[in-house]
Protein chains: 2
Amino acid sequence: MADADLVRLGSLAEVVTLKAGAVLTREGDVAPYVFNITSGSLRVYKLLPDGRRQITGFLFAGDFLGLAIGEHYVFSAEAIEPTTVCRFRKGPFRALVESSSPLEHMLLHRTSHELAAAQNQMLLLGRKTAIERLASFLLDLPGHDPARPTAPGHVRLPMKRGEIADYLGLTIETVSRVLTRMKAKGIISMPSQSDLIVERPDLLRAHADGEV
Amino acid sequence: MADADLVRLGSLAEVVTLKAGAVLTREGDVAPYVFNITSGSLRVYKLLPDGRRQITGFLFAGDFLGLAIGEHYVFSAEAIEPTTVCRFRKGPFRALVESSSPLEHMLLHRTSHELAAAQNQMLLLGRKTAIERLASFLLDLPGHDPARPTAPGHVRLPMKRGEIADYLGLTIETVSRVLTRMKAKGIISMPSQSDLIVERPDLLRAHADGEV
DNA sequence: CGTTTAGTTGATTTTGCTCAACTGCCGTGG
DNA sequence: CCACGGCAGTTGAGCAAAATCAACTAAACG
C-alpha cells in the first residue's frame, strides 16, 4: 500500500477505545463503519434467537472488520480485552478503496485468506470430533495472535472456556473434559488456566488432521 | 467491469468441458489456474484422511474458483452435472486483475459475499440442529441456483442425499429422516426425489432461524 | 425384466449435551 | 489476615440427538 493511501486513510479515521466486553457492532444494526484493529482482540459472533452463539472468528491487531457490503452488520463484535480500533465511515472508505488499487488489492488478499480460514473452520465444525477440534484450535491459535509468547510450544489462551466452546461448536464442559484428556495423555500441560504448553506437537498435529 | 477487461479476460481463457463427476481440482495439487463457471454446477469440498468429507459450497454459472492465494489448491472441486468452465493461468490473470480496478472490485465484492455466506454456514454447522440445518438449506438453495425453477416454492435438488449430508455436517440417513419428518408435518412435499415444494414457508423459515 | 444405485426405515450405539455438584481462584471487606 | 462471595473451571451421572449398522424399498438404466 502506498504511503499516500495511508495518509488518506488516516485522515478518515477516528480512534475508538473499548473496555473488555464492550460491544462494537450488533448483528442487524445499521452499518455505517468499517473498523481496523489497532491493539487488543475482538470476538465476532452470530446468535440464534434462543441464545445459541457461534463465534466465527477472533480478530487481532491489524485485522479489518465490517468490509462486507450491506446496509446492516451481519455479525456482532465485542472486545475480549481492552482494545483500540480505527473507525472509518463506510462511504468515504469505499471511495478511497475504489481509487486506490493497492489498498483494494490488500483487502482482496486478506478477504481471500479469511475465506480459506472459514472453509477450514467448516471442515472442523461439520466433520471433526471434539478432540480433533481442540487440537486444530491449539495449533492455529498462535499463528493468529500477534501477542503470542515467544517460547515455542507455549500457547496463550486469552479467551474463556465459553468462548472456545462457542468457537468450536462445543459446550464448556466438553472443552474442559477434552483438555483434561489431553493432559492425561501427555499431549499438553497447563501451568495456569490460560497458559498451555504443547508437549507432543506430533500427537496434537495427528489429532488435528483426523489421523486415526 | 469494463468491456475492454472482458475482452482481455477472454483472450486469456481456455474453455474446459467436464462430465458429471469429473474432478477439476484436488486439494494439495499445485494450483496453476483460476476458473470461472460457464454452465452447470460444482461441489467444492475438503477431506480428512479417513474419508470424512465437508462440502464447503456449491458453485453455479458465473462463480469464480481458485482465487485464494497460494501455491496449492486448498480444496477439491468436482462437477455435479455436465459443466463448462473458463480456465485462466494464474499469473496473467493476476496481472490483469491488478491492472483493472473494476475487475478487482468485482472480485472483492464477490469474495466478501462468499465470506458472509461462510459465516452463516459456520453458525449452521456449529449450532443448528438437523432440522434447522435442512430448513436453512432449503431456503438458501434457490437463491444460489441460476437454473432455479420459476414456480414459487419449488426447489430443485440437483445434488444427491450424500452431498446434502456432507454440506450440512450430517449423515445420509439423518437427511432422509428429517425430510420425512418435514413431509409428515406438512412443511414440504416431494413430487420426486429431486424436486421439492415448500408448502409452509413460514414454518420452514421459523425452523431455519432456530425459533423455538 | 434384472441389475445397480439411491433412498428410506428400523434397531442399537455413541458422542457430546444437560443438569448438578463441587473445587479453585481471586477480590473485597470485616 | 482470614472469611465470605462470586465466578470460572472441573467432574460426574444420566440423557438425547444423531451416528452407525443393517435390512429393505424405490428409481434408474441397460
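Protein chains get the first letters and strands the later ones, always in sequence-line order, with residue 1 at the start of each.
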I need the [atom1]-[atom2] distance between [X] and [N], as an integer number of Å.
X      : N      : atom1 : atom2 : result
B:R181 : D:dA18 : CZ    : C1'   : 10 Å
A:I131 : C:dT15 : CD1   : P     : 12 Å
B:L168 : D:dA17 : CG    : P     : 19 Å
A:D166 : C:dG16 : CG    : P     : 16 Å
A:M159 : D:dA8  : CE    : C1'   : 16 Å
B:L134 : D:dA17 : CG    : C1'   : 14 Å
B:I172 : D:dA18 : CD1   : P     : 17 Å
B:D50  : D:dA19 : CG    : P     : 15 Å

Any donor-acceptor N or O pair under 3.5 Å, side chains [X], [Y]:
X      : Y      : answer
A:E78  : A:Y45  : yes
B:S112 : A:T111 : no
A:K128 : A:S136 : yes

**SB check B:R52 A:E132 (cutoff 4.0 Å)** = yes

**Request:** Tell me whether the centres of the aromatic rings in B:F137 and B:Y167 are closer together than 6.0 Å.
**Result:**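 B:F137 vs B:Y167: aromatic centres under 6.0 Å.
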
Please find the pair of heavy atoms, one from [X] and one from [Y], that lie closest to each other, and give the distance.
X      : Y      : value
A:A130 : A:T174 : CB-CG2, 3.8 Å
B:N36  : B:D63  : ND2-O, 3.3 Å
A:P142 : A:L139 : CD-O, 3.6 Å
A:T38  : A:C86  : OG1-N, 3.7 Å
A:G162 : A:I172 : CA-CG1, 3.6 Å

**Message:** Can you tell me which residue among B:F93, B:F64, B:F35, B:Y33 is in a ring-ring contact (aromatic ring centres under 6.0 Å, His included) with B:F88?
**Reply:**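 That would be B:F93; it is the only one of B:F93, B:F64, B:F35, B:Y33 passing the ring-ring contact (aromatic ring centres under 6.0 Å, His included) with B:F88.
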
**Nearest-neighbour nucleotide for the B:R161 side chain, D:dA18, C:dT9, C:dG7 considered** =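 Of D:dA18, C:dT9, C:dG7, C:dG7 is nearest to the side chain of B:R161.
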
**Request:** Looking at every strand, decide which applies to B:L179 at a 4.0 Å heavy-atom threshold: base, sugar-phosphate, or nothing.
**Result:** nothing

**Prompt:** Would you say D:dT11 has OP1 or OP2 under 4.0 Å from some side-chain N or O of A:T180?
**Reply:** yes

Polar atom pairs (N or O), protein with nucleotides 18-21 of chain C, under 3.5 Å:
unit_1: C:dT18; atom_1: O4; unit_2: A:R177; atom_2: NH2; d: 2.9
unit_1: C:dC19; atom_1: N4; unit_2: A:E173; atom_2: OE2; d: 3.0

**Complete:** For A:H109, the side-chain contact (heavy atoms from CB on, under 4.5 Å) test, sequence neighbours excluded, returns A:H113, B:I69

**Fill in**
Overall bend of the helix from C:dC1-D:dG30 to C:dG30-D:dC1 (five pairs an end, 10° steps) is 30°

**Item:** Nucleotide-resolved protein contact map, nucleotides 23-30 of chain D, B/S/- at heavy-atom distance under 4.0 Å
**Value:** --------

**Complete:** Applied to residues 53-62 of chain A, the side-chain hydrogen bond (donor to acceptor under 3.5 Å, both in side chains) test, sequence neighbours excluded, yields A:R53-A:D166

**Message:** Any residue in residues 184-192 of chain B with a heavy atom nearer than 4.0 angstrom to DNA chain C? Just list them by number, or reply none.
**Reply:**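 Listed by number, there are none.
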
**Asked** Is the number of heavy atoms from other residues, nucleotides or ligands within 6.0 Å of NZ (A:K90) greater than 12?
**Response** yes

